[in-house]
Visitor: 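Structure below; questions to follow.
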Number of protein chains: 2
Amino acid sequence: MTQGSTAERSTELEAQLKAIASQRRLLILEWLKDPEANFPSREHGDLEHGACNLFIVERLGVSQPAGSRHLRILTDAGLVIPTRRKGWVYYRRNEPGIAELIARIGEL
Amino acid sequence: MTQGSTAERSTELEAQLKAIASQRRLLILEWLKDPEANFPSREHGDLEHGACNLFIVERLGVSQPAGSRHLRILTDAGLVIPTRRKGWVYYRRNEPGIAELIARIGEL
DNA sequence: GAACAAGATAGCTATATAGCGATATGACTC
DNA sequence: GAGTCATATCGCTATATAGCTATCTTGTTC
């Protein structure tokens, strides 16, 4: 059984809903739809893996720790995927995860 | 213009997401899919208008004020519709509102 | 219109969330 | 392997949310 109980699934859904119930995190998800358009390239090919944490934090206009936590909440909810490369962490949308959340909300 | 600004719409979306990012409120919406099955009838024909506040509070297992606030949050978010009748308030799902929210989340 | 009952609001406490600055961790670079 | 830079975590404060009891408001009934 890779599937949790109903209660666990409910709690997970609640966590995912809380993850997107934030203006800043909605913005992050929106920006990550098109990293090339929304963020500078740190080096050739970076944007394949999404946007550098550094630029997300900067664009959010919050402190680095605050941005880091928003990204952690999105990561824990399975909505973005971090990729470590060189000294940086790049974040991209987890499209299957997002699609699954949308499907579950569709059952409301 | 009946439509608010983008910022207002975003804030409204955030409020709606926060409204459903709660186990208790998700339960209320679920129960209201079938008031007849989930709640006793207060008098003939009541359930057309949804479930009586009283029974929702009781089934939630929280105090009356706590239940009242949950219902207010759902009402403010446009997800349920209250109907006052005799001494009671009945709540039913606002299906168009829920559908609109689902559609907006689908754009995530 | 007096009595009563349902629901909303007020005032409070406890917990959760979001922000910050400071610091620890981890990974490149030399 | 020492230094440095990006990111994560810690410790704190401020605000938001959720619960309670007590009380106010409102609508119904007699």
Side-chain angles (χ1 to χ4, degrees), chain A residues 10-12 14-29 32 39-47 49-77 79-92, chain B residues 10-12 14-28 39-44 46 49-77 79-92:
Chain A
S10 295
T11 302
E12 188 200 347
E14 192 182 353
Q16 289 182 309
L17 288 170
K18 281 183 178 166
I20 61 172
S22 151
Q23 194 52 49
R24 293 220 155 94
R25 292 191 291 268
L26 284 173
L27 277 175
I28 292 171
L29 288 176
L32 289 184
F39 299 100
S41 180
R42 181 141 277 271
E43 61 184 50
H44 182 67
D46 286 353
L47 294 176
H49 301 99
C52 177
N53 183 320
L54 196 63
F55 294 133
I56 298 175
V57 166
E58 184 185 350
R59 185 150 190 195
L60 273 181
V62 297
S63 68
Q64 180 269 324
S68 184
R69 187 172 40 192
H70 284 304
L71 286 161
R72 185 177 215 289
I73 289 170
L74 287 170
T75 303
D76 288 349
L79 302 177
V80 302
I81 298 173
T83 303
R84 311 191 84 95
R85 203 175 167 206
K86 303 275 175 115
W88 299 280
V89 180
Y90 298 87
Y91 288 90
R92 66 182 189 280
Chain B
S10 296
T11 301
E12 189 200 346
E14 191 183 353
Q16 290 181 308
L17 288 170
K18 281 183 178 165
I20 60 172
S22 151
Q23 194 52 48
R24 293 219 155 95
R25 293 192 291 270
L26 284 174
L27 277 175
I28 293 172
F39 300 100
S41 180
R42 181 141 276 271
E43 62 184 48
H44 182 65
D46 286 352
H49 300 99
C52 177
N53 183 320
L54 198 62
F55 294 134
I56 297 175
V57 165
E58 185 185 348
R59 185 150 190 197
L60 273 181
V62 296
S63 67
Q64 179 267 324
S68 185
R69 188 173 41 194
H70 283 305
L71 286 161
R72 184 177 215 290
I73 289 169
L74 287 171
T75 303
D76 287 349
L79 303 178
V80 302
I81 298 173
T83 303
R84 312 191 84 96
R85 205 175 166 206
K86 304 274 178 113
W88 300 281
V89 180
Y90 298 87
Y91 288 90
R92 67 183 189 281

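Within every chain, numbering begins at 1; the chains are lettered A, B, ... in the order of the sequence lines, protein sequences first and strands thereafter.
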Visitor: Atom NE2 of His70(B) and atom C1' of dC20(D): how far apart are they, to the nearest Å?
Guide: 12 Å
Visitor: If each of Gln64(A) and Arg84(A) is mapped to the nucleotide of DNA chain C with the nearest heavy atom, which maps nearer the 5' terminus, i.e. the 5' end?
Guide: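 Nearer the 5' end of the strand: Gln64(A).
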Visitor: Within this structure, what is the CG-to-C1' distance between Asn53(B) and dG7(C), rounded to whole angstrom?
Guide: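 So the CG-C1' distance, Asn53(B) to dG7(C), works out to 6 Å.
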Visitor: Nearest-Å distance, CG (Leu71(B)) to C1' (dA18(D))?
Guide: 14 Å
Visitor: Which residue lies toward the 5' end of DNA chain C, Ile73(A) or Pro65(B), if each is placed at its nearest nucleotide?
Guide: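 Its nearest nucleotide being more 5', the pick is Pro65(B).
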Visitor: Any non-hydrogen side-chain atom of Thr75(B) less than 4.5 Å from a side-chain atom of Ile81(B)?
Guide: no
Visitor: Tell me which one of Leu32(A), Val80(A), Thr83(A) satisfies side chain to side chain contact (heavy atoms under 4.5 Å, CB included) with Arg92(A).
Guide: Thr83(A)
Visitor: Return the nearest nucleotide to the side chain of Ser68(A); candidates are dC20(D), dT9(C), dT9(D).
Guide: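 Selected nucleotide (nearest to the side chain): dT9(D).
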Visitor: Taking the side chain of Val62(A) as its heavy atoms from C-beta onward, which of dC20(C), dT9(D), dA6(D) lies nearest to it?
Guide: dC20(C)
Visitor: If I take atom CD in residue Glu14(B) and atom P in nucleotide dA16(D), what distance separates them, rounded to the nearest angstrom?
Guide: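 Atom CD in Glu14(B) sits about 12 Å away from atom P in dA16(D).
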Visitor: Using a 4.5 Å cut-off on heavy atoms from C-beta on, say whether the side chain of Tyr91(A) contacts that of Ile56(A).
Guide: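 Ile56(A) reaches Tyr91(A) side chain to side chain.
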Visitor: Mind calculating the distance between OH (Tyr91(B)) and P (dG7(C)) to the nearest angstrom?
Guide: 8 Å
Visitor: dT17(C) C1' sits how many Å from Arg72(A) CZ, rounded?
Guide: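 For the pair Arg72(A) CZ and dT17(C) C1', the rounded distance is 15 Å.
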Visitor: Quick one: Trp88(A) CH2 to dT25(C) P, roughly how many Å, whole number?
Guide: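 In whole Å, dT25(C) P lies 23 Å from Trp88(A) CH2.
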Visitor: How is Arg69(A) classified with respect to the nucleic acid when contacts are heavy atoms under 4.0 Å: base, sugar-phosphate, or nothing?
Guide: base
Visitor: Does Leu60(A) reach a base, just sugar-phosphate, or nothing at all? Heavy atoms under 4.0 Å.
Guide: nothing
Visitor: Quick one: which of dT7(D), dT17(D), dG7(C) gets closest to the side chain of Lys18(B)?
Guide: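 Looking only at side-chain atoms, Lys18(B) lies closest to dT17(D).
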Visitor: Go through the steps to decide whether Arg24(B) and His70(B) satisfy the test side-chain hydrogen bond (donor to acceptor under 3.5 Å, both in side chains), and finish with yes or no.
Guide: CA-CA 8 Å; Arg24(B) 293 219 155 95; His70(B) 283 305; 5.2 Å; no
Visitor: Any donor-acceptor pair under 3.5 Å linking the side chain of Arg84(A) with the backbone of Tyr90(A)?
Guide: no
Visitor: Starting at NZ of Lys86(A) and ending at P of dC30(C), how long is that distance when rounded to a whole Å?
Guide: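 Between P of dC30(C) and NZ of Lys86(A): 11 Å.
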Visitor: Taking the side chain of Arg25(A) as its heavy atoms from C-beta onward, which of dA18(C), dA18(D), dG7(C) lies nearest to it?
Guide: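 Nearest to the side-chain atoms of Arg25(A), counting from C-beta on, is dA18(C).
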